[in-house]
Amino acid sequence: MTHILYNPLAGGGKGETFAKEASAAFKDSKLVSLIDLDAKDYLSKLTGDDEVVICGGDGTLNRFANDTYGIDYPCAIYLYKSGTGNDFLKDVEDKVKDNMLRINEYIENLPTVTVKDKTYRFINGIGFGIDGMVCEVADRMIAEGKTDISYSSLSIKLCLHGYKCPDAKVTVDGKVYNFKKVWLASGMNGRYYGGGMKVTPEQDRLSSKLSTCVIHSCGRLKTLMIFPGIFKGEHIKHEKNAKILSGKEITVEFTIPTALQIDGETVLGVTSYTIRK
């Protein structure tokens, strides 16, 4: 049987619609909401004759991966494209067929991020700096009932005013780098986050290393010039202001508390994080 696990809130609240769309491709399928579901227990009852299709975006995939991490998946796990950002599927789009991809190999050895003494698995990346603050502001707008939210517009507004640049110390496999006026210091497992921002163009999510991108030492106008290029990975041409570092363990420390996002989920008041693979 095909078990279609879906997030009703995904795709702007169209999660169930996407799940029904996916179920039409299978003869014998069952729709199960991920809300309040013990996914680990649910999978423990399946066999190799079953298959699981997850309907949702990056947030849904992150939750599923964290909730089930550490078990031996008893069957094939697929992701059906039905979110809004879909940075994971964009990163592996050459392998996606009919809006679907088998993901067992991508979720069995995920990296961890430790922040505020808690450790999480993550799929795509960690945003620390202005990208974390964008998520913080967007969360407030959503709580106020607003739906027309442009993350690009929020980034521009925060570049112009509102975001205060900290200095940062970045430690990669024991080697220390210091940066002034840091706009972002991401930690990446894949190439994309934030709805299509190609933050680390050369990062391979199946490799043994992670990457960080640090945009630093520039004023507001120069930053506004650099930021649009992130969507195509062209920000790395600004070698004086954009630095890519790679390693198995990366720690980023800011001089002032700043919002951070983990696959789109916001954590407030963060001064450091560590990612490991």
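Here the structure is a predicted model, which is why all the values come from computation and not from measurement. The chain is numbered in sequence order, starting from 1. Note: hydrogens, waters and symmetry copies are ignored here, and every other heavy atom, side chains too, is used.
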Practice task
Run the salt-bridge test on Asp173 and Lys248 with the 4.0 Å N-O cut-off and return the result as yes or no.
Solution key: no
Problem - pair Ile77-Thr68: side-chain heavy atoms closer than 4.5 Å - result: no
Practice task
Side-chain contact test, heavy atoms from C-beta onward, threshold under 4.5 Å: evaluate it for Leu245 versus Ile250 and give yes or no.
Solution key: no
Handout entry: Of all pairs that satisfy ring pair (Phe, Tyr, Trp, His ring centres under 6.0 Å), the ones with a partner from residues 225-250, not counting sequence neighbours
Key = none
Exercise for the section: Keeping the roles fixed (side chain from Thr212, backbone from Ser186), state whether a donor-acceptor pair exists under 3.5 Å. Expected result: yes
Handout entry: Within 6.0 Å of CD in Glu239, more than 12 heavy atoms from elsewhere
Key = no
Problem - ILVMFWY cluster, Ile275 and Tyr192 together (side-chain gap under 4.5 Å) - result: no
Exercise for the section: Give a yes or no on whether Leu43 and Ile4 share a hydrophobic cluster (residues Ile, Leu, Val, Met, Phe, Trp, Tyr; joining criterion: side-chain heavy atoms under 4.5 Å apart). Expected result: no
Exercise for the section: List in chain and number order the residues that pass side-chain contact (heavy atoms from CB on, under 4.5 Å) with Glu108, two or more places apart in sequence or in another chain; answer none if no residue qualifies. Expected result: Tyr73, Asn104
Exercise for the section: With the side chain counted from C-beta on, respond yes when Ile244 and Cys213 share a heavy-atom pair under 4.5 Å apart, and no when they do not. Expected result: yes
Handout entry: Pairing residues for Glu265 by the side-chain contact (heavy atoms from CB on, under 4.5 Å) criterion, not counting sequence neighbours
Key = none
Handout entry: Donor-acceptor pair, side chain of Arg276 and main chain of Thr112, under 3.5 angstrom
Key = no
Practice task
Supply the atom-to-atom distance Leu101 CG to Asp94 CG, rounded to the nearest 0.5 angstrom.
Solution key: 9.5 Å
Practice task
Indicate, with yes or no, if Val199 and Leu110 share a hydrophobic cluster defined by side-chain heavy-atom contacts under 4.5 Å among Ile, Leu, Val, Met, Phe, Trp and Tyr.
Solution key: no
Practice task
Determine, using the 4.5 Å side-chain heavy-atom cutoff (strictly less than), whether Leu34 and Met1 are members of one ILVMFWY cluster.
Solution key: no
Handout entry: Close side-chain approach of Asn7 to Ile35, heavy-atom, < 4.5 Å
Key = yes
Practice task
Find out whether Ser217 and Lys180 are in side-chain contact, i.e. whether some heavy atom of one side chain is under 4.5 Å from a heavy atom of the other.
Solution key: yes
Practice task
Nearest 0.5 Å please: distance from the CD1 atom of Ile236 over to the OG1 atom of Thr200.
Solution key: 9.5 Å
Fill in the blank from the handout: Connected to Leu224, directly or through other members, by ILVMFWY side-chain contacts below 4.5 Å are Ile156, Leu160, Leu221
Handout entry: From SG (Cys55) to CE (Met100), nearest 0.5 Å
Key = 9.0 Å
Exercise for the section: Check whether more than 12 heavy atoms from other residues, nucleotides or ligands sit under 6.0 Å from atom CG of Asp72, and answer yes or no. Expected result: no
Problem - With Ser153 via side chain to side chain donor-acceptor pair (under 3.5 Å) - residues at least two apart - result: Ser150
Practice task
Using a 4.5 Å cut-off on heavy atoms from C-beta on, say whether the side chain of Ile107 contacts that of Leu61.
Solution key: yes
Exercise for the section: Can you see which heavy atom on Ala185 is nearest to which on Tyr273, and at what distance? Expected result: O-OH, 2.9 Å
Problem - Derivation and outcome, side-chain contact (heavy atoms from CB on, under 4.5 Å), residues Leu260 and Thr258 - result: CA-CA 6 Å; Leu260 171 149; Thr258 308; over 6 Å; no
Under 3.5 Å, which donor-acceptor pairs link side chains of residues 122-143 to any protein atom two or more places apart or in another chain?
from: Asn124; atom 1: OD1; to: Arg205; atom 2: NH2; distance (Å): 2.8
from: Asn124; atom 1: ND2; to: Asp58; atom 2: OD1; distance (Å): 3.2
from: Asp131; atom 1: OD1; to: Phe128; atom 2: N; distance (Å): 3.3
from: Asp131; atom 1: OD2; to: Tyr193; atom 2: OH; distance (Å): 2.2
from: Glu136; atom 1: OE2; to: Arg140; atom 2: NH1; distance (Å): 3.4
from: Asp139; atom 1: OD2; to: Thr266; atom 2: OG1; distance (Å): 2.7

Exercise for the section: Kindly indicate whether the side chain of Cys75, heavy atoms from C-beta on, has any atom under 4.5 Å from the side chain of Val52. Expected result: yes
Completion exercise
Separation between NZ (Lys181) and CH2 (Trp183), nearest 0.5 Å, reads 7.0 Å
Practice task
Could you note down all residue pairs passing ring pair (Phe, Tyr, Trp, His ring centres under 6.0 Å) where residues 29-66 supplies at least one of them, sequence neighbours left out?
Solution key: His3-Tyr42
Problem - Taking every non-hydrogen atom, the tightest pair across Gly269 and Lys116 - result: O-CE, 3.4 Å
Practice task
Let me see the working for Thr2 and Glu51 under side-chain contact (heavy atoms from CB on, under 4.5 Å), right down to the final yes or no.
Solution key: CA-CA 5 Å; Thr2 300; Glu51 59 185 357; 2.7 Å; yes
Handout entry: Salt bridge present between Lys232 and Glu234 (N-O < 4.0 angstrom)
Key = no
Practice task
Please report the shortest heavy-atom distance between Arg220 and Cys159, naming the atom on each side.
Solution key: NH1-O, 2.6 Å
Fill in the blank from the handout: Residues pairing under ring pair (Phe, Tyr, Trp, His ring centres under 6.0 Å) where one sits in residues 90-121, two or more places apart or in two chains, turn out to be Phe88-Tyr106
Fill in the blank from the handout: When rounded to the nearest 0.5 Å, the distance separating NZ of Lys198 from CD1 of Ile230 is 13.0 Å
Handout entry: Within one Ile-Leu-Val-Met-Phe-Trp-Tyr cluster: Val214 and Val252, side-chain cutoff 4.5 Å
Key = yes
Fill in the blank from the handout: Looking only at heavy atoms, the pair that brings Ile256 and Pro166 closest together is CG1-CB, 3.6 Å
Handout entry: Closest non-hydrogen atom pair between Cys218 and Thr223, with its separation
Key = SG-OG1, 3.3 Å
Practice task
Report, as yes or no, whether the 6.0 Å neighbourhood of atom CG on Asp38 holds more than 12 heavy atoms from other residues, nucleotides or ligands.
Solution key: yes
Problem - Min side-chain heavy-atom separation Ile103-Ile54 under 4.5 Å - result: yes
Problem - Nearest non-hydrogen partners of Leu79 and Gly56, listed with the distance - result: CD1-O, 3.8 Å
Problem - Spacing of CG belonging to Asn178 relative to OG1 belonging to Thr171, to within rounding of 0.5 Å - result: 8.0 Å
Handout entry: Sidechain-backbone polar pair: Asp50 side chain, Thr47 backbone, donor-acceptor under 3.5 Å
Key = yes
Exercise for the section: Please name all residues satisfying side chain to side chain donor-acceptor pair (under 3.5 Å) with Glu202, sequence neighbours left out, ordered by chain then number. Expected result: none
Practice task
Check Lys277, Arg121, Lys209 against Asn189 for a side chain to side chain contact (heavy atoms under 4.5 Å, CB included) and give me the one that passes.
Solution key: Lys277
Exercise for the section: Name all residues meeting the side chain to side chain donor-acceptor pair (under 3.5 Å) criterion together with Gln203; count only those two or more places apart in sequence or in a different chain, and write none if there are none. Expected result: Ser211
Handout entry: Test log, rule side-chain contact (heavy atoms from CB on, under 4.5 Å), inputs Ser272 and Phe254
Key = CA-CA 6 Å; Ser272 70; Phe254 274 4; over 6 Å; no
Problem - Lys45: partners by side chain to side chain donor-acceptor pair (under 3.5 Å), with sequence neighbours left out - result: Asp41
Show which side-chain atoms of residues 10-32 pair as donor or acceptor with protein atoms under 3.5 Å away, not counting sequence neighbours.
from: Glu21; atom 1: OE2; to: Tyr80; atom 2: OH; distance (Å): 2.4
from: Ser23; atom 1: OG; to: Lys20; atom 2: O; distance (Å): 2.7

